[in-house]
Amino acid sequence: MTHTDPRNPGTPDTHGAAPGRASRRGLPRGLWSMAFTELWERYSFYGLQGILSFYLLYELSQGGLALDPAAAAGIVGAYGGAVYLSQILGAWLGDRLVSPKDMVLYGAVVITAGHLVLAFAPGLAGLGVGLALIVAGTGALKTNITSIVGFVMDAADGRRRDEGFSYFYMAINIGAVVGPLTTGLAQNELGFHYGFGLAAIGMGAALVQYIPSMKSLPERARVVNDPLPAHRRPLVAVVALAAVGAVAAAAATGLLRAENLATVVTFAALTAAAVYFVTMTRSSAVSRDERRRILGFLPLFLVSGLYFGFLFQKFTAISILITERIDLQIGGWTFPVAWITTASPLAAVLITPLIAGIWNLLGDRQPGPVAKFAVGLTQIGCAYLFLLVVSEATGEAHIPLVLILLFMVLAGSSEVFVGPIGLSLATRIGPRAFRSQMVGLNFLTLALGSSLSGLLGQLFTVIDNASYFTVIATAGIGLGLVLFAARGPVGRLLESGLTR
């Protein structure tokens, strides 16, 4: 049976078998294979993330490492930022040296090894090696699997594309929910290293899901888009070794410390973003319309970084707040601490089908991506306003568990207006010569947000709660309103040369 390209009825779909076959929802079947692979990878990632902060903060008698809260926030923020920062390298490798299909496979194997190290090697040494492997593996996997989803969805129009990426993002959030639920319970009942072991099992499931699907991926996933000339490869190897040596030397001499890791990663994320924006806008391979779209993406990049900085505080400032002011006892049972942060992605999962359905129902009348971003920013600002009221109303007493869970729901559900829209936008507006790297640039918002959450967590340890939550709430609501007011001109830049 011949399938047609919906953008040009009667024209056969040339993107390969996988994107051409539609499921019952009218979305390509290849989307679901990648979504389930990503679900298990995110299960592992967030299963670890859900208990990592508490592993650093808890006393030795509780199985933790008993680090200072500021140092713990710096490590968690820097780790999260480095995970996403490494995806720039992964995107470049997927464009120049190794096909996206193989990059995803290699990344999954390395991530699995990292989780196994965390499960079986105790102390700071095991933590450092395990996290480094996960950073490297996730860099290889994340942008390349998202690029593959973009290849699969190339035959879809703008409305179907947003819907498809919303479901892909829902898979991410399902993994983000189930991971901490299971690893958190294992940590609560058996210990932290059992939780880390479950994360390793999740990566094994990702490999089981992905390997059989490799043979049906689109042809574009099997080839290197812009192969690096052979004579330049030795130089790349030398630069890579020098970079690794520099990082090792900085750590050995004390220039890199837990307290300044988040600052270093934030600076690196901003530098990488600046290089990418300058490189793409000045490239002769980028057309005038593509350049205008890149410029239109710049303000969204900046506000996205701030948005994720506010959201990822659940792993830094809010985790510190939980250890200090939340009573986890329910009768004779201790509520698993990781379950609190799980309420955030759970809210995003539950609201995604509703929001995706609304976008599909509204069709061309739905708000543009800039307005959607504005809604997300305003909502997370309101969530912190709620937390400000709760914190002030309770004074020095414990904050009721139900209220911190409600805050997580309010903050987490805002992600559906930012995360999937940014993914969809990056794969749609990116210059043809920089498609995978545009996805990598989008993931830099997560790197920036993660490292920023570490800096904010350190700030949280030195100022009072009321001042802190006032600043975050005001910034979120204010930026949301400014972005909404600028939706017209920014939206026109993003649509330059495109048809819906």
Side-chain angles (χ1 to χ4, degrees), residues 42-43 46-55 57-58 69 73 76 170 172-189 195 307-355 376 378-419 453 456-457 460 465-466 468-469 472-473 476:
R42 292 291 90 181
Y43 168 93
Y46 283 106
L48 167 63
Q49 194 88 334
I51 59 177
L52 178 60
S53 298
F54 304 105
Y55 180 54
L57 290 166
Y58 275 22
V76 172
M170 183 176 72
I172 292 174
N173 278 318
I174 290 173
V177 170
V178 181
L181 283 178
T182 53
T183 60
L185 182 61
Q187 173 268 317
N188 199 59
E189 303 298 325
Y307 169 83
F308 285 112
F310 300 157
L311 182 66
F312 291 159
Q313 286 182 95
K314 61 188 175 184
F315 301 123
T316 58
I318 304 303
S319 290
I320 297 170
L321 180 74
I322 290 169
T323 60
E324 294 177 346
R325 296 195 58 188
I326 306 298
D327 184 4
L328 300 175
Q329 294 302 125
I330 302 177
W333 182 65
T334 301
F335 188 85
V337 68
W339 287 11
I340 298 177
T341 54
T342 306
S344 173
L346 177 59
V349 168
L350 294 178
I351 200 174
T352 291
L354 172 63
I355 299 300
T378 304
Q379 182 175 329
I380 201 167
C382 289
Y384 277 97
L385 181 61
F386 168 79
L387 192 55
L388 169 64
V389 173
V390 167
S391 177
E392 288 301 286
T394 53
E396 297 298 319
H398 281 301
I399 296 175
L401 177 61
V402 66
L403 294 181
I404 199 70
L405 289 171
L406 182 55
F407 161 77
M408 289 291 183
V409 169
L410 291 171
S413 58
S414 68
E415 190 176 2
V416 73
F417 297 104
V418 179
S453 75
L456 290 172
F460 180 77
N465 288 1
Y468 183 82
F469 294 136
I472 303 299

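The model shown is predicted, which means the values in this text are computed figures rather than measured ones. Residue numbers count from 1 along this sequence.
- Distance CD/Glu324 to CD1/Ile399: 10.0 Å, rounded to 0.5 Å.
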**Prompt:** Where do Thr334 and Gln329 land on the side-chain contact (heavy atoms from CB on, under 4.5 Å) test, with the steps shown first?
**Reply:** CA-CA 5 Å; Thr334 301; Gln329 294 302 125; 2.7 Å; yes
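- For the atom pair CD1 of Ile340 and CG of Leu401, the computed distance is 5.0 Å after rounding to the nearest 0.5 Å.
- When all heavy atoms of Arg325 and Ser391 are compared, the pair lying nearest together is NH1-OG, 3.2 Å.
- For Pro180 against Gly175, the heavy-atom pair with the smallest separation is CD-O, 4.1 Å.
- Ser319 contributes a side-chain N or O that, together with a main-chain N or O of Lys314, makes up a donor-acceptor pair within less than 3.5 Å.
- With Thr316 contributing its side chain and Ala73 its backbone, the two residues share no donor-acceptor pair below 3.5 Å.
- Rounded to the nearest 0.5 angstrom, Phe310 CZ and Gln379 CD are separated by 14.0 Å.
- In this structure, CD1 on Ile320 lies 10.0 Å from CZ on Phe54, to the nearest 0.5 angstrom.
- Between Ser53 and Val337 there is no side-chain heavy-atom pair separated by less than 4.5 Å.
- At least one side-chain heavy atom of Ile472 sits less than 4.5 Å from a side-chain heavy atom of Leu456.
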**Request:** Show your reasoning for whether side-chain contact (heavy atoms from CB on, under 4.5 Å) applies to Leu346 and Leu181.
**Result:** CA-CA 10 Å; Leu346 177 59; Leu181 283 178; over 6 Å; no
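- Between Phe335 and Trp333, the ring planes lie perpendicular to each other; the angle is over 60°, past the 30° to 60° tilted range.
- Distance check, rounded to the nearest 0.5 Å: CD of Gln187 to OG1 of Thr183 gives 8.0 Å.
- Heavy-atom minimum distance, Gly376 versus Ser414: O-CB, 3.6 Å.
- Shown here for Ala411 and Ile380, the closest heavy-atom pair between the two residues is CB-CG1, 4.2 Å.
- Using a 30° and 60° split on the angle between ring planes, Tyr384 and Phe407 fall in the perpendicular class, above 60°.
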**Request:** Please assess Phe460 against Phe469 for the test side-chain contact (heavy atoms from CB on, under 4.5 Å), listing each intermediate value before the final yes or no.
**Result:** CA-CA 9 Å; Phe460 180 77; Phe469 294 136; 3.9 Å; yes
**Asked** What's the verdict on side chain to side chain donor-acceptor pair (under 3.5 Å) for Tyr46 and Thr341, showing C-alpha distance, side-chain angles and the deciding distance?
**Response** CA-CA 10 Å; Tyr46 283 106; Thr341 54; over 6 Å; no
**Item:** Steps toward side-chain contact (heavy atoms from CB on, under 4.5 Å) verdict (Thr182, Tyr43)
**Value:** CA-CA 9 Å; Thr182 53; Tyr43 168 93; 2.8 Å; yes
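- Listed here is the closest heavy atom pair of Leu57 and Thr323: CD1-CG2, 4.1 Å.
- Between Ala383 and Leu410, the shortest heavy-atom contact is CB-CB, 3.8 Å.
- Note: Asn465 CG to Leu321 CG = 6.0 Å, rounded to the nearest 0.5 Å.
- Using a 4.5 Å heavy-atom cutoff, the side chains of Trp339 and Asn188 are not in contact.
- Exactly one residue among Val177, Leu311, Val409, Leu405 makes a side-chain contact (heavy atoms from CB on, under 4.5 Å) with Ser344. That residue is Leu311.
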